[in-house]
There are 2 protein chains.
Amino acid sequence: MSSQSSSEKPAIKAPRLERGRARVAALMAAGAGIFAEKGYDAATMTEVAARAGASIGSLYQFFPTKPLLAQALHEEMLEKMASVLETVLAEGRGKPAAAAVQGLFDRFGEFLEAHPAFATLAERRDIDKEKKKQTRARLRGLIAGLLTSAEPPLPAARAEAAAVIVLHLIRASVMLKESDEGPVREAALAEMRRMLAAYFA
Amino acid sequence: MSSQSSSEKPAIKAPRLERGRARVAALMAAGAGIFAEKGYDAATMTEVAARAGASIGSLYQFFPTKPLLAQALHEEMLEKMASVLETVLAEGRGKPAAAAVQGLFDRFGEFLEAHPAFATLAERRDIDKEKKKQTRARLRGLIAGLLTSAEPPLPAARAEAAAVIVLHLIRASVMLKESDEGPVREAALAEMRRMLAAYFA
DNA sequence: GAACTTTGTGAGGACATCCTCATATTCTCG
DNA sequence: CGAGAATATGAGGATGTCCTCACAAAGTTC
């Protein structure tokens, strides 16, 4: 009843040998680097393979398609992000809201610095729109949870909305760091803390 | 003394006849639409020409290059943005800070809704980095001016930093509107107003 | 060590897009 | 009107990128 006559959908293939795992790791690292530097479209599979010290055929052995490479990287980063969030949530429970949110900013900032391709990969236009919405919603929910379990707790009705804003502010703070205008950056980050303090009081 | 022997840099050519002006207008409208819908890379010159009801050769007659088409659109939008800003600054002088900023949000929001390609064109990776920084700096300066001339005036030292944040919040509010998650959107916008009110008090 | 599986290689096919160019049409102006 | 300028056209050249494929090498298992 299910023998798709000829058109198997291409999917990434997990390596089975040690050598293969090393290759895949190198390929993903190279991909992350090049996507971050040039953006999705300008990145070429040839360059990814070259940076990984592999041949183009070897790259396609494990990632049969450019979108699939991007997807694999994106999913890997989403997992790491989830684990970062778990940590923050655990740390923040019961602390004052401003401190909890500051923790969010710090950890999230570290994460995005360690994964400079994340923004590029998350904004790709060919991602399933529904999945994107779900991811955003889950993130929102987790942060809302942090805000309602802080001290003093935010009313549940406002928590989700506040979470949305916190997320955007995190994004803003990362963009600030990337825009390397030193003096402005520091002042703006300080002002942002001031704003959050005023808001949570 | 200045007869660059053969390599004239390609530049956009202004139309001289009425027919030409109409063409250019149609081409730019089509370009803006397609860039907005598909992003810079996925947009094709052929499709732009088709949507404008022109031949591909006609498009290249006025815009000898894809980057030049994007640049022309970007500059046109920057000018409109500048004029919008002038209006807001004039209106806001002397008003309470929160109201002035709300005006900024509204007008800017309208502008970005009317020019959905703006974000795409402004984020292009091949834009002169220095020019980008200058544009941002001028924008910051203008908004800082609005904040220091409001009532009560923000101290000049904080105004620039606050302007940076206001800009990011505007960006956030536009992204919210685009993400069409109705209920969340309204709540988040309300929460954002609350945050601004707290901040400016 | 023989059969089999996994991994490696790089030339080149298929295709899409940017842009050119020779030529035709429309418009301006004396 | 007639000469010259401005605009219009679309086939196709040049280029670059994704991906395939036939075959070779390394590793595993019995």
Side-chain angles (χ1 to χ4, degrees), chain A residues 6-31 34-35 37-73 120-121 124-126, chain B residues 6-31 34-35 37-73 120-121 124-126:
Chain A
S6 67
S7 63
E8 314 272 345
K9 284 178 197 168
I12 80 174
K13 201 184 67 178
R16 284 162 200 279
L17 272 48
E18 201 48 43
R19 190 173 36 136
R21 277 188 278 275
R23 263 275 129 107
V24 166
L27 289 168
M28 291 186 78
I34 298 200
F35 281 136
E37 289 167 20
K38 322 240 245 181
Y40 179 77
D41 290 290
T44 77
M45 294 298 266
T46 306
E47 195 177 356
V48 171
R51 180 175 297 189
S55 69
I56 182 68
S58 214
L59 170 53
Y60 278 97
Q61 170 93 4
F62 295 104
F63 303 97
T65 252
K66 190 181 175 185
L68 278 176
L69 171 60
Q71 183 191 314
L73 284 166
T120 296
L121 293 173
R124 229 171 0 127
R125 274 182 133 83
D126 54 332
Chain B
S6 67
S7 63
E8 314 271 344
K9 284 178 197 167
I12 80 172
K13 200 184 67 178
R16 286 164 200 279
L17 272 48
E18 200 49 41
R19 189 172 37 136
R21 276 187 279 276
R23 262 277 127 105
V24 166
L27 289 169
M28 291 185 77
I34 298 201
F35 281 135
E37 289 166 19
K38 323 241 247 179
Y40 179 78
D41 290 290
T44 78
M45 293 298 265
T46 306
E47 194 176 356
V48 171
R51 178 174 300 190
S55 68
I56 183 69
S58 215
L59 170 54
Y60 278 96
Q61 170 93 4
F62 295 104
F63 303 98
T65 253
K66 190 183 176 182
L68 279 176
L69 172 60
Q71 183 191 314
L73 285 166
T120 297
L121 293 173
R124 228 170 2 124
R125 273 181 133 86
D126 54 331

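Lettering follows sequence order; numbering is per chain, from 1.
Residues Arg124(A) and Pro67(A) share a closest heavy-atom pair of NH1-O, 3.8 Å. Closest heavy-atom contact between Phe63(B) and Ile12(B): CD2-CG2, 4.1 Å.
Nucleotides of DNA chain D with any atom under 4.0 Å from a heavy atom of chain B span, from 5' to 3', dA6(D) to dA11(D).
In Arg21(A), the CZ atom is crowded: over 12 heavy atoms of neighbouring residues, nucleotides or ligands sit closer than 6.0 Å.
Atom CG of Leu68(A) and atom CG of Leu73(A) lie 11.0 Å apart (nearest 0.5 Å). From Tyr40(B), atom OH reaches atom CG of Leu69(B) across 8.0 Å, with rounding to the nearest 0.5 Å. Atom-to-atom distance recorded for Asp41(B):CG and Lys66(B):NZ is 5.5 Å, nearest 0.5 angstrom.
Considering only heavy atoms from C-beta on, Ser58(A) comes within 4.5 Å of Arg23(A) through its side chain.
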Might you list the N or O atoms of the protein lying below 3.5 Å from N or O atoms in nucleotides 22-30 of chain C, with each pair's distance?
none

Polar atom pairs (N or O), protein with nucleotides 18-20 of chain C, under 3.5 Å:
residue, atom, partner, partner atom, Å
dC18(C), OP1, Ala43(B), O, 3.4
dC18(C), OP1, Lys66(B), NZ, 3.2
dC18(C), OP2, Met45(B), N, 3.1
dC19(C), OP1, Thr65(B), OG1, 3.3
dC19(C), OP2, Tyr60(B), OH, 3.3
dC19(C), OP2, Lys66(B), N, 2.9

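Remark: side-chain polar atoms of Thr44(B) are paired, donor with acceptor, to backbone N or O of Glu47(B) under 3.5 angstrom. No side-chain donor-acceptor contact under 3.5 Å links Lys38(A) to the backbone of Arg125(B). Between the side chain of Lys13(A) and the backbone N or O of Pro64(A), no donor-acceptor pair lies under 3.5 Å.
For the pair Lys13(A) NZ and dT5(C) P, the interatomic distance rounds to 12 Å; values are reported in whole Å.
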